[in-house]
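Reviewing the structure listed below.
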Amino acid sequence: VQLQASGGGLVQAGGSLRLSCAASERPDSATAKGWFRRAPGKEREFVAAISWRGARTYYTDSVKGRFTISRDNAKNTVYLQMNSLKPEDTAVYYCAAMKTRLDYGLDFQSDRLYDFWGQGTLVTVSS
């Protein structure tokens, strides 16, 4: 599976961006998708994840209520709608795919469980 992330850019605090991640995979592939980010000088961290049918979503506490993850399996694309952006959201955002049909019962926040990674897209939020 190849993943291509896009949609990053420069935005002022309080603004919005929508990231997209296009996957090259069979339409019947069962992959959960996740978004992670790495801020300058920090470790990569989990942002959000969605199960393969979209039945379950998961978010890190710092983005709950501001970010929304969604997917369109017909287009093999997952999205991350980011609203009310803050300077601390500045990071390179990566999408990842995990081969699983489970909607729950896995640690979707663990980057070790993801099998495929995209190249990242830079989000910069100015104050």
Side-chain angles (χ1 to χ4, degrees):
V1 176
Q2 291 184 323
L3 303 170
Q4 181 72 41
S6 61
L10 174 63
V11 64
Q12 289 188 330
S16 298
L17 281 175
R18 189 177 79 156
L19 305 184
S20 299
C21 178
S24 62
E25 57 186 343
R26 292 165 53 95
D28 59 351
S29 294
T31 55
K33 298 296 196 306
W35 287 98
F36 292 76
R37 65 187 180 187
R38 187 193 302 272
K42 295 188 176 181
E43 297 289 319
R44 184 169 62 190
E45 66 171 350
F46 169 79
V47 177
I50 187 167
S51 60
W52 75 285
R53 294 177 299 176
R56 289 285 188 101
T57 56
Y58 302 85
Y59 299 93
T60 192
D61 286 345
S62 63
V63 308
K64 286 180 180 177
R66 300 189 298 123
F67 291 11
T68 302
I69 189 170
S70 62
R71 64 189 298 162
D72 184 340
N73 286 349
K75 296 181 178 179
N76 283 347
T77 301
V78 63
Y79 306 97
L80 185 67
Q81 178 66 44
M82 305 186 296
N83 299 328
S84 302
L85 282 161
K86 304 175 181 180
E88 51 263 44
D89 294 317
T90 294
V92 177
Y93 284 71
Y94 300 89
C95 62
M98 179 197 310
K99 294 185 291 184
T100 180
R101 293 182 180 273
L102 296 177
D103 293 316
Y104 57 90
L106 294 176
D107 184 4
F108 288 90
Q109 300 190 28
S110 172
D111 58 1
R112 295 175 299 168
L113 297 185
Y114 288 81
D115 302 289
F116 307 97
W117 292 83
Q119 86 289 0
T121 185
L122 177 62
V123 172
T124 303
V125 184
S126 63
S127 57

When clusters are formed by joining ILVMFWY residues with side-chain heavy atoms under 4.5 Å apart, either directly or through shared neighbours, do [X] and [Y] land in the same one?
X: L17; Y: L10; result: no
X: F67; Y: L122; result: no
X: I69; Y: Y104; result: no

So how far is it from [X] [atom1] to [Y] [atom2], rounded to the nearest 0.5 Å?
X: F46; Y: D107; atom1: CZ; atom2: CG; value: 8.5 Å
X: C21; Y: Y93; atom1: SG; atom2: OH; value: 14.5 Å
X: S126; Y: Q12; atom1: OG; atom2: CD; value: 5.0 Å
X: Y79; Y: K33; atom1: OH; atom2: NZ; value: 11.5 Å

Measure from the side-chain N and O atoms of [X] to the backbone N and O of [Y], and report whether any donor-acceptor pair falls under 3.5 Å.
X: T90; Y: T124; value: no
X: S127; Y: P87; value: no
X: Y114; Y: F108; value: yes

Item to complete: From the options D111, T31, L106, select the one residue that forms a side chain to side chain contact (heavy atoms under 4.5 Å, CB included) with M98.
Response: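 Only match with M98 under side chain to side chain contact (heavy atoms under 4.5 Å, CB included): L106.
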
Fill in: side-chain contact (heavy atoms from CB on, under 4.5 Å) assessment of L19 paired with V123
CA-CA 9 Å; L19 305 184; V123 172; 4.0 Å; yes

Indicate the atoms forming the closest heavy-atom contact of [X] with [Y], along with that distance.
X: A22; Y: T77; value: CA-OG1, 4.1 Å
X: D103; Y: S51; value: OD1-OG, 3.0 Å
X: A5; Y: C95; value: CB-SG, 4.1 Å

Quick one, [X] and [Y] - any side-chain contact, counting heavy atoms below 4.5 Å?
X: D89; Y: R37; value: yes
X: Y58; Y: I50; value: no
X: W52; Y: R101; value: yes
X: Q81; Y: S16; value: yes
X: Y59; Y: V47; value: no

Practice prompt. Just do the side-chain contact (heavy atoms from CB on, under 4.5 Å) check on R18 and L80 with the steps written out, would you?
Written response: CA-CA 6 Å; R18 189 177 79 156; L80 185 67; over 6 Å; no

Worksheet item: Step by step, would you call S6 with T121 a side-chain contact (heavy atoms from CB on, under 4.5 Å)?
Response: CA-CA 6 Å; S6 61; T121 185; 5.5 Å; no

Discussion item. One pair to check against side-chain contact (heavy atoms from CB on, under 4.5 Å): D115 and V1. What are the steps and the verdict?
Written reply: CA-CA 9 Å; D115 302 289; V1 176; over 6 Å; no

Discussion item. Would you say CD of Q119 has more than 12 non-hydrogen atoms from neighbouring residues, nucleotides or ligands within 6.0 angstrom?
Written reply: yes

Practice prompt. Check whether the ring centres of Y94 and F36 lie less than 6.0 Å apart, and answer yes or no.
Written response: no

Fill in: Face-on cation placement of R71 at W35 ring, 6.0 Å and 45° thresholds
no

